[in-house]
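What you see below is based on every heavy atom in this structure, not just the backbone, and it leaves out hydrogens, waters and symmetry mates. To find a chain, count down the sequence lines: A is the first, B the second, and so on, and within it residues start at 1.
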Amino acid sequence: MSTTSNMNLTLKVWKQKNKDTKGKFETYNAKGISPDMSFLEMFDVVNEGLISDGKEPIAFDHDCREGICGMCSMYINGRPHGPKQGVTTCQLHMRSFKDGDTIVVEPWRSAAFPVIKDLAVDRSSFDRIMAAGGFVSVNTGNAKDANNILIPKPEADEAFEAAACIGCGACVAACKNSSAMLFVSAKVSQLALLPQGKIEAQQRVWDMVHQMDEEGFGNCTNTGACEAECPKSISLENIARMNREYLISTAISKK
Amino acid sequence: MASSPKLNAKIPPGELETKWTKFRSTVHLVNPANKRNLEIIVVGSGLAGSSAAASLAEMGYKVKVFCFQDSPRRAHSIAAQGGVNAAKNYQNDGDSVYRLFYDTIKGGDYRAREGNVHRLAEVSGNIIDQCVAQGVPFAREYGGTLSNRSFGGTQVQRTFYAAGQTGQQLLLGAYSALSRQIGMGAVTMLSRHEMMDVVMIDGKARGIIARDLVSGQLERHFGHAVLLCTGGYGNVFYLSTNAMGCNVTAAWKAHKKGAFFGNPCYTQIHPTCIPVSGDHQSKLTLMSESLRNDGRIWVPKKKDDNRKANEIPEEERDYYLERRYPAFGNLVPRDVASRAAKERCDAGYGVGTSKMAVYLDFAANTERYGKIEVSKHNIHNPTKEQIIKLGKEVVKEKYGNLFDMYKQITGEDPYELPMRIYPAVHYTMGGLWVDYNLMTTIPGLYALGEANFSDHGANRLGASALMQGLADGYFVIPYTIGEYLSEEIRTKSIPTDNEAFVKAEADVQERINKLFSIKGTKSVDNFHKRLGRIMWDKCGMARNKEGLTQAISEIQKLREEFWKDVRVTGEANEFNPELEKAHRVADFIELGELMCKDALQRNESCGGHFREEYQTAEGEAKRDDDNFAFVAAWEYKGVSDFELHKEELKFENIKLAQRNYA
Ligand SMILES: Cc1cc2nc3c(=O)[nH]c(=O)nc-3n(C[C@H](O)[C@H](O)[C@H](O)COP(=O)(O)OP(=O)(O)OC[C@H]3O[C@@H](n4cnc5c(N)ncnc54)[C@H](O)[C@@H]3O)c2cc1C
Ligand code: SF4
Ligand code: FES
């Protein structure tokens with residue numbers, strides 16, 4: 001239960017009716033906000049107030065509210081998922097702010113993520129990259145006994161860490177070039193590290209990178225902003241690994 | 001008691017151990033050329049939906065998948081933490097298909113079907129094989145083999161896991177299989193689409209009406225069969241561990257079109273969740289059951305003890321689960337653990353400012369792990385600090401993400417202080433009634449995963465929902481659907497200008513118009529919160545006749561008020577989360593009434609359904625097998641009018657007994 005007193009905040013929030021109209025910032029007051037609330041619960045309170053005043057609430061994406069589905073996507077005071085390291089917007093708590101603060105909230109900005117409404121964007125480009133190659137080609141029923149594939153623990157752990165990506169898109173939002181390299185490399189790495197995925201590694205990286213380019217994501221210039229803002233601390237090493245894999249696949253395709 | 005003639009469970013005859021194998025080998029098949037002409041609609045992309053859609057598309061069927069999130073990867077299966085069960089016996093600790101079958105029936109308090117549960121146990125091993133082949137990064141031992149841990153209600157280690165992110169990794173595996181089929185054009189994926197109704201033609205399910213959540217347009221989709229894989233309805237309580245969007249709408253619409261609803265009152269209240277912190281709370285967060293492997297649960301022995309946890313000496317702590325249930329200790333099933341926590345808090349022994357919490361303490365096991373590490377590292381005469389430090393590293397590797405989550409939410413560090421936890425709504429064992437083929441009482445309409453009334457009886461064991469969702473999708477439906485579709489090969493794709501589609505769409509449109517026309521004074525959330533309060537107080541962890549009777553009339557009044565006074569902002573033809581919520585809450589209100597009626601009808605206690613009037617002298621659930629060994633399947637007759645049908649549960653292999661975990 002909260003022991004600290006409540007806060008009053010000013011919000012400057014991006015409002016945009018749909019992808020075809022122009023948006024602008026609107027100012028809202030958030031009153032009586034408890035430090036124990038999550039950032040999204042603060043939005044719930046603001047929206048409840050707007051509804052009771054007969055105004056339209058602010059639209060935003062969210063679902064699990066525990067940092068795992070990757071749906072929430074707010075750009076807060078110039079940082080994807082806000083000021084705290086290693087958390088998603090839904091895991092950000094109002095303790096991270098002070099009474100009287102002004103908070104600026106925008107959607108992810110990238111040509112590959114068109115705005116749907118207010119703070120909600122279309123990230124289906126990520127799904128199309130996955131459909132291009134983010135899998136092991138194995139049909140249901142084809143598998144042999146699981147313990148027939150032995151995997152050294154360090155590699156298994158490394159694959160697991162890459163697999164922790166939640167597909168939120170903060171890496172793209174953080175990048176001045178709107179590059180999706182961190183996201184794509186996480187999947188490429190996870191599967192390239194495992195014997196099950198190695199077989200198709202070259203084809204996979206080739207297909208996924210080409211789809212990524214087609215979706216309009218920018219190039220990677222190694223600024224590292226993605227890693228710094230990633231809520232799951234996905235490592236830049238994955239990008240290096242993907243570049244190596246990609247070089248091999250280009251060499252093969254030239255042959 | 002005989003089963004209602006309206007319910008044919010279609011359990012294959014013969015010995016328990018061979019029912020499924022025989023069925024699989026004799027079920028009708030559809031030849032590859034015909035499969036290409038058969039269209040299947042899958043609503044939901046969680047473990048059940050994704051695995052079913054990918055498998056069916058691989059077999060050659062034409063598949064369309066729907067989900068309401070912006071990507072199939074975000075279904076709430078993603079949030080499952082602890083693990084998935086399988087009878088592999090990799091630990092050589094006496095596990096077997098029979099033992100998993102037995103534990104599940106017993107854990108469910110003898111309210112599930114033997115035939116279904118045995119099949120589930122049989123295919124459990126294949127699930128692990130399949131997931132590993134897809135590249136799911138399960139936890140491993142140094143020798144490279146898979147690692148296991150224990151979960152509640154069992155005495156073997158059969159739970160496979162990927163740190164505290166098992167659901168995420170399993171779902172990403174199924175999503176990758178689904179993505180592959182999308183890439184090949186075998187599956188059409190419609191994200192940000194919500195199913196609004198089932199379309200019935202000549203008594204069969206033939207499609208759905210969906211709303212494109214971005215444009216707001218209503219769409220008609222035809223299918224030779226429709227699979228509902230739409231998850232559980234725990235959000236009827238408003239506060240639960242479910243995601244904000246989890247809903248009953250798809251299942252409820254099917255129910256109103258003729259699908260019977262099975263055991264709606266069976267709800268699982270999970271013992272270890274982060275307690276409510278204030279009125280603003282929008283959801284509750286689970287702390288995985290796997291923590292009970294290493295955490296000891298206790299409260300002070302003294303009432304209203306306001307000392308800090310670390311100031312309370314060992315001898316003044318009551319490890320009440322270890323005291324009451326020495327054989328299973330902290331690993332009793334969830335329903336038992338939850339009631340025991342409520343009992344202590346109600347009696348005045350709760351902790352924290354709200355006094356509605358108990359401690360989950362890792363200190364003893366941190367020290368134990370530290371000592372093991374110290375000897376592994378050959379450290380002689382270690383200091384206490386060294387031991388604790390190494391112990392914490394082990395704990396971190398096992399549960400790091402859960403500890404981080406706890407800290408973010410509460411602002412307290414669980415490496416230093418015990419966690420404060422309290423039970424919360426987590427899972428719904430009830431759902432659409434299905435036969436052995438997973439078909440509902442509507443021909444051509446199936447329910448998979450948490451959406452069906454499932455194999456868990458009155459209480460689900462931990463790590464068994466992931467198992468069931470994937471069993472249904474990968475290994476059951478691909479066979480059982482053949483029985484129906486082999487009869488449908490002559491049915492041509494029905495054009496969606498058919499009058500049944502037109503009528504169904506018009507009905508949905510009318511409801512949308514109605515919602516906007518009310519222009520009332522209260523938000524949708526306001527109604528949802530009030531419904532949740534009624535459900536939690538009167539149809540939650542403990543229920544009684546008086547409370548349930550009151551709840552029913554309160555919910556009826558709430559429904560009337562909703563349709564007179566709700567305020568839905570925005571427009572129909574745009575992205576409008578308020579409208580989405582309004583539809584869902586309207587359905588939850590109707591479901592809430594049915595849940596209370598079901599709980600009122602069941603004059604016994606079993607599993608998660610605890611009727612205060614029916615308990616043993618020790619306060620344990622008291623079943624009445626003579627009168628209640630049945631599945632309650634409810635038929636929708638009209639507003640507030642439901643008819644009960646009974647499916648008798650026959651136990652031919654397991655002897656009914658009072659559950660005993662002491
Ligand atoms: C926090 C948490 C932790 C858990 N941990 C474990 C665990 O460790 N082990 C375990 O075995 N079980 C666990 N469970 C239970 C388990 O995760 C779920 O029961 C299971 O994942 C449900 O899978 P599903 O495929 O049936 O549904 P879901 O994964 O919920 O998927 C439902 C799908 O249906 C779609 N949908 C719903 N309604 C509509 C509609 N009207 N129109 C269109 N689409 C719709 C959604 O978009 C989604 O794609 C946990 C549950 C929770 C909440
Ligand atoms: S790499 Fe990180 S920031 Fe990018 S999508 Fe994955 S989790 Fe989000
Ligand atoms: S709402 Fe799921 S990660 Fe934030």
Side-chain angles (χ1 to χ4, degrees), chain A residues 1-2 18 34 36-37 40-41 44-45 48 51-52 56-57 59 61-71 87 91 93 95 116-117 120 123-124 126-127 130-132 134-140 142-147 149-153 156 159-160 163-164 167 190-191 194 196-197, chain B residues 54-55 58 69-74 76 78-79 90 126 128-130 132-135 137 140-146 162-163 165 168-169 172 176-177 179-180 182-183 189 191 214 243-245 277-278 280-283 285 353-354 405 408 411 474 478 523 525 567 569-570 574-575 577-578:
Chain A
M1 214 126 298
S2 164
N18 54 45
S34 143
D36 284 340
M37 284 181 191
L40 298 185
E41 284 166 349
D44 291 344
V45 171
E48 186 71 33
I51 295 168
S52 76
E56 231 205 321
D61 269 330
H62 64 112
D63 199 28
C64 74
R65 295 207 175 186
E66 54 183 76
I68 194 74
C69 74
M71 189 113 174
V87 297
Q91 291 177 300
H93 276 71
R95 321 184 245 287
I116 289 176
K117 186 175 180 177
R123 286 169 287 195
S124 52
F126 271 13
D127 287 326
M130 282 291 294
F135 44 76
V136 173
S137 299
V138 55
N139 282 357
T140 304
N142 281 354
K144 55 181 177 176
D145 185 83
N147 260 352
I149 313 174
L150 296 180
I151 303 176
K153 190 169 181 327
F160 170 76
Q190 175 206 340
L191 296 178
L194 298 171
Q196 308 92 299
Chain B
S55 307
E58 286 161 9
Q69 293 93 344
D70 72 331
S71 162
R73 66 181 290 155
R74 309 207 201 281
H76 199 47
I78 202 89
Y90 283 164
N126 302 358
I128 303 304
D129 301 341
Q130 187 62 32
V132 167
Q134 291 167 343
R140 289 182 182 267
E141 304 294 345
Y142 281 98
T145 54
L146 291 161
Q165 286 131 275
Q168 180 194 22
Q169 295 312 325
L172 293 181
S176 72
S179 296
R180 177 168 161 247
I182 296 171
M189 181 70 223
S191 299
V214 175
M244 302 304 285
S277 76
H280 56 267
Q281 193 111 20
S282 59
K283 76 151 287 167
T285 303
T353 30
S354 68
M405 252 159 112
Q408 274 141 21
Y474 284 134
S523 70
D525 280 352
R567 172 179 289 178
T569 53
E574 64 170 349
F575 183 69
E578 284 299 310

In terms of heavy-atom proximity below 4.5 Å to chain B, should A:Arg95 be classed as side chain, backbone, both, or neither?
-> side chain

Who wins among A:Met130, A:Glu41, A:Lys144, A:Gln196 for the most heavy-atom pairs under 4.5 Å with chain B?
-> A:Glu41

Is there a donor-acceptor pair closer than 3.5 Å between any side-chain N or O of B:Arg567 and the backbone N or O of A:Ile51?
-> yes

Side chain / backbone / both / neither for A:Gln91 at chain B, heavy atoms under 4.5 Å | both

Value for CD (A:Glu48) from NE2 (B:His280), rounded to nearest 0.5 Å, stands at 14.5 Å

Measure distances from A:Ala120 to the heavy atoms of chain B and classify the residue's part below 4.5 Å as side chain, backbone, both or neither.
-> side chain

Answer key: most heavy-atom pairs under 4.5 Å with chain B among A:Pro152, A:Gly197, A:Gly167, A:Ala59 is A:Gly167

Using non-hydrogen atoms only, which part of A:Asp61 is less than 4.5 Å away from chain B: side chain, backbone, both, or neither?
-> side chain

Apply side-chain contact (heavy atoms from CB on, under 4.5 Å) to the pair A:Ser137 and B:Arg180, showing each step before the final yes or no.
-> CA-CA 8 Å; A:Ser137 299; B:Arg180 177 168 161 247; 3.6 Å; yes

Begin from the C-alpha positions of A:Asp63 and B:Arg74 and carry the test side-chain contact (heavy atoms from CB on, under 4.5 Å) through to its verdict.
-> CA-CA 8 Å; A:Asp63 199 28; B:Arg74 309 207 201 281; 5.6 Å; no

Has the side chain of B:Arg73 got a donor or acceptor atom that lies under 3.5 Å from a matching backbone atom of A:Asp127?
-> no

Has the side chain of B:Gln165 got a donor or acceptor atom that lies under 3.5 Å from a matching backbone atom of A:Ala164?
-> no

If one checks every heavy atom of A:Asp145 against chain B at 4.5 Å, the contacting part turns out to be both

Could you tell me which portion of A:Ala163 (side chain, backbone, both or neither) has an atom closer than 4.5 angstrom to a non-hydrogen atom of chain B?
-> both

A:Val87 portion near chain B, given a 4.5 angstrom heavy-atom threshold = side chain

Mark yes or no for whether B:Gln168, through its side chain, and A:Ile68, through its backbone, hold a donor-acceptor pair below 3.5 Å.
-> no

Give, as side chain, backbone, both or neither, the part of A:Ile149 having an atom under 4.5 angstrom from any heavy atom of chain B.
-> both

Side chain to side chain donor-acceptor pair (under 3.5 Å) assessment of A:Glu66 paired with B:Thr285 = CA-CA 7 Å; A:Glu66 54 183 76; B:Thr285 303; 4.5 Å; no

Candidate pair B:Gln281 and A:Asp44, rule side-chain contact (heavy atoms from CB on, under 4.5 Å), full reasoning = CA-CA 10 Å; B:Gln281 193 111 20; A:Asp44 291 344; over 6 Å; no

Bottom line for B:Glu574: the part with an atom under 4.5 Å from chain A's heavy atoms is side chain

Given that the side chain runs from C-beta out, which part of B:Glu578 has a heavy atom under 4.5 Å from chain A: side chain, backbone, both or neither?
-> side chain

Is it the side chain or the backbone of A:Leu194 that comes within 4.5 Å of chain B heavy atoms, both, or neither?
-> side chain

Provide the closest heavy-atom pair for B:Leu146 versus A:Asn147 in the form atom of the first, atom of the second, distance.
-> N-OD1, 3.0 Å

